[in-house]
Amino acid sequence: MKSKYQKIKGTFDILPPETEVWQHIESTIHHICQQFSFQEIRTPAIESVDLFKRNIGDGTDVSKEMFVWKDQSGKEISLKPEMTAPVVRAYIESGFFRKYPLCKMYYIDSFFRREKPQKGRQRQFNQFGVEAFGTKNSEQDAEIILIATQILKKLNIDNTNLSINNIGDSDTRIKYESKLRNYFNDHKNSLSELSKARLEKNPMRILDSKEKEDQTIIKNAPMIKDLLSTEEKEHFSSVLTHLKGLGINYNENPYLVRGLDYYNGTTFEITTQSTGSQNALCGGGRYDSLVEKMGGPETPAVGFAAGIERIILEAKQELGKKNIDIYISCNDEKYTSKGLNIIQNLVENEYKIFFDTNKKNIKNQIKDAVKNNAKFMITINQEISVKNLISKKETNVSESEILPFLKNQ
RNA sequence: GUAGCCGUAGCUCAAUUGGUAGAGCCCCGCAUUGUGGUUGCGGUUGUUGUGGGUUCGAGUCCCAUCGGUUACCCCA
């Protein structure tokens, strides 16, 4: 049948039985985050445009891709394109910096970016993430990464690669970018066409160019770590020591940068080999100056965000069958109210039932029950019969005997 | 945003150089079965994504549009 309406580009329905996969992933996230005593935070779907433009960076792609509109009073509103800025806003607005000097929170939510859709890149997409405020100690960086790896492990996702880097503070990055631009300018003639185009706009992108001719030039490019302060270097090496101690394999990538302006210090990314170009499962790092910039007290912070759609592409798990306990047949309308009472009673006693309100004939109901792995079938007429679908034994019982009978099986 | 590929029944896909739109699965029913996961028979579903155009004739060719997908870009 042709539907009169179509879903909006870049959005998708999550239909049964696939919803079970989502439920499984979400409950794993809740469970692990709570094991680490991170508490869930939920924020509104909409925020004022300024919150994002000013803090994730006016020139970043994310801020250009926001869904923005003016409401009836002329205020500029945006659907949230990411969660860190809203979490920081809520953290400051609610005075959590006083209530929780060390504040650890996590979230699972939908976000919106008006990008060109692709597999693993939708316009409404789902992420979970964690944020820890109040310490700049390296063990906090390590704990954040540990949570990410634990969740992936629990979801049976392997073949992942953790890349890590330290990008210094914003001054360091500005210095680095100009140093890099100078370097590549000196070698401009040997660069690929693609990279020449990147030179002005985003010289750091050249660093992970796939073009063969760029490789040797990249090899000798200046590294950001040569510009780091002693303190930053120490912090970085201590994070790496923690990871080694935890047995978490990583790949030190001196060229890993992040797309949002607020990051500094440690940055990391978990990628997978199997998904094409949308291979970043998880990305994060420190943002030690964001809280202050947004009007709160000086508060260091670190966190990550992970894409649930991309994780689902990796976590191929089998979908369970319905596994109902009891299939209910009540085809004679004279006994409908009796049937409904029995159902109510069964559900209150924690049985999972399926009531065939469509009243198929009994033979097909049995087939249907077996197909859905039901253990019992209860047929309600004047008599009530309970059929054990495994032993195939059928027994007539009175209404009050149903529960004791089932318990005896 | 730029470029390429794709769009046929609920699902997976067929349809020879443009010539009457099909199959399997699923679903529903009937029958069969050592009488509940078998097997057989029958049935429903499509203005071939949409709108134009070329042609005697378009699923097939052209244009536009919508959607998907791949690469670039970027990111989770």
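Side-chain atoms are counted along with the backbone in the values below, which use heavy atoms only and exclude waters and symmetry mates. Remember, it's a predicted structure, so these values are computed and weren't measured experimentally.
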- prompt: Do we count A:F125 as stacking onto B:A76 if the rule is ring centres under 5.5 Å and planes under 30°?
  reply: yes

field: Same-atom distance (P) from B:U47 to B:C5, integer angstrom
entry: 26 Å

field: Side chain of A:D61 (C-beta onward), nearest among B:A76, B:C74, B:G36
entry: B:C74

query: When the distance from CD1 of A:I366 to C1' of B:G37 is rounded to whole Å, what number comes out?
result: 12 Å

query: Does the base of B:C75 carry an N or O that pairs as donor and acceptor with the side chain of A:R310 under 3.5 Å?
result: yes

query: How close or far is atom P of B:A76 from atom CZ of A:R121, stated in whole angstroms?
result: 12 Å

- prompt: Which is true for A:I308 with a 4.0 Å heavy-atom rule: it touches a base, it touches only sugar-phosphate, or it touches nothing?
  reply: nothing

- prompt: Of the candidate nucleotides B:G36, B:A76, B:G29, which contains the atom at the shortest distance from the side chain of A:V370?
  reply: B:G36

query: How about A:Y327 and A:F376: are their ring centres within less than 6.0 Å of each other?
result: no

query: Do any side-chain nitrogens or oxygens of A:N364 fall under 4.0 Å of OP1 or OP2 in B:G29?
result: yes

query: Under 4.0 Å between a side-chain N/O of A:N361 and OP1 or OP2 of B:C30, yes or no?
result: yes

query: To the side chain of A:Q127, which of B:A76, B:G68, B:C27 is closest?
result: B:A76

field: Ion pair A:R42/A:E40, N-O distance below 4.0 Å
entry: yes

task: Decide yes or no, distance alone: a donor-acceptor N/O pair under 3.5 angstrom between the base of B:C75 and the side-chain of A:R113.
output: no

message: OP1 or OP2 of B:U35 versus the side-chain N and O atoms of A:K367: is any pair under 4.0 Å?
response: no

query: Do A:K225 and A:E252 meet the salt-bridge criterion of a basic N to acidic O distance under 4.0 Å?
result: yes

message: Tell me whether the rings of A:Y183 and A:H187 are parallel (<30°), tilted (30 to 60°) or perpendicular (>60°).
response: tilted

task: Nearest-nucleotide wise, let me know which of A:G10 and A:S391 is further upstream toward the 5' end of RNA chain B.
output: A:S391

- prompt: Hey, are A:R123 and A:E65 close enough for a salt bridge, meaning a charged N less than 4.0 Å from a carboxylate O?
  reply: no

- line: With the side chain defined as heavy atoms from C-beta on, A:K392 is closest, among B:G36, B:C75, B:U69, to B:G36

- request: Could you tell me whether A:K64 contacts a base, only the sugar-phosphate backbone, or nothing, with contacts defined as non-hydrogen atoms closer than 4.0 Å?
  value: nothing

- request: Would you indicate, yes or no, if B:C75 has its OP1 or OP2 atom less than 4.0 angstrom from a side-chain nitrogen or oxygen of A:N279?
  value: no

- prompt: When you check the phosphate oxygens OP1 and OP2 of B:G67, does a side-chain N or O of A:K9 lie under 4.0 Å from one of them?
  reply: yes

- prompt: Taking any strand in view, what nucleotide pairs with B:G1 in a Watson-Crick or G-U wobble way, both distances under 3.5 Å?
  reply: B:C72

query: More 5' along RNA chain B: A:V62 or A:K363, using each one's nearest nucleotide?
result: A:K363

message: From CE of A:M377 over to C1' of B:G37, roughly how many Å is that when rounded to an integer?
response: 15 Å

message: When the C1' atoms of B:G22 and B:G46 are compared, how many Å lie between them, rounded to an integer?
response: 12 Å

message: Closest approach to the side chain of A:K119, judged atom by atom: which nucleotide of B:G36, B:C74, B:U70 is it?
response: B:U70

- prompt: When the P atoms of B:G53 and B:U60 are considered, how many whole Å apart are they?
  reply: 14 Å

task: For B:C26 and B:A64, measure between their C1' atoms and round to the nearest Å.
output: 36 Å

message: Side chain of A:K116, heavy atoms from C-beta onward: which of B:G36, B:A3, B:A76 has the nearest atom to it?
response: B:A3

task: Using atom CG of A:D356 as one end and atom P of B:C28 as the other, report the distance to the nearest whole Å.
output: 10 Å

field: Nucleotide of B:G37, B:U32, B:C75 approaching A:N373 most closely (side-chain heavy atoms)
entry: B:G37

message: Distance check, P atoms only: B:G59 and B:U16, in whole angstrom units.
response: 13 Å

- request: Starting at atom CD of A:E269, determine the distance to atom P of B:C74, rounded to an integer number of angstrom.
  value: 12 Å

query: Hey, are A:K75 and A:D71 close enough for a salt bridge, meaning a charged N less than 4.0 Å from a carboxylate O?
result: no

- request: Check the surroundings of atom NZ in A:K375: do more than 12 heavy atoms from other residues, nucleotides or ligands lie under 6.0 Å from it?
  value: yes

task: Decide, yes or no, whether a salt bridge links A:R113 with A:D61 under the criterion of side-chain N to carboxylate O below 4.0 Å.
output: no

- prompt: If you measure from the C1' atom in B:U17 to the same atom in B:G57, how many Å do you get, rounded?
  reply: 16 Å

- prompt: Would you say the side chain of A:E115 and the base of B:A76 hold a donor-acceptor pair, judged only by whether the two atoms sit under 3.5 Å apart?
  reply: yes

P spacing across the pair B:C75 / B:C66, given as an integer number of angstrom: 27 Å

Nearest-neighbour nucleotide for the A:K360 side chain, B:C74, B:A76, B:C28 considered: B:C28

task: Nearest whole angstrom, please: distance from the C1' of B:G1 to the CZ of A:R123.
output: 11 Å

message: Rounding to an integer number of angstrom, what distance separates B:U2 and B:U45 when you compare their C1' atoms?
response: 40 Å

- request: Report the distance from atom NZ of A:K7 to atom P of B:G68, rounded to the nearest whole Å.
  value: 8 Å

message: Checking contacts here: which listed nucleotide (B:A31, B:G29, B:U70) is nearest the side-chain heavy atoms of A:Q118?
response: B:U70

query: Over how many whole Å does the gap from A:I311 atom CD1 to B:C75 atom P extend?
result: 19 Å

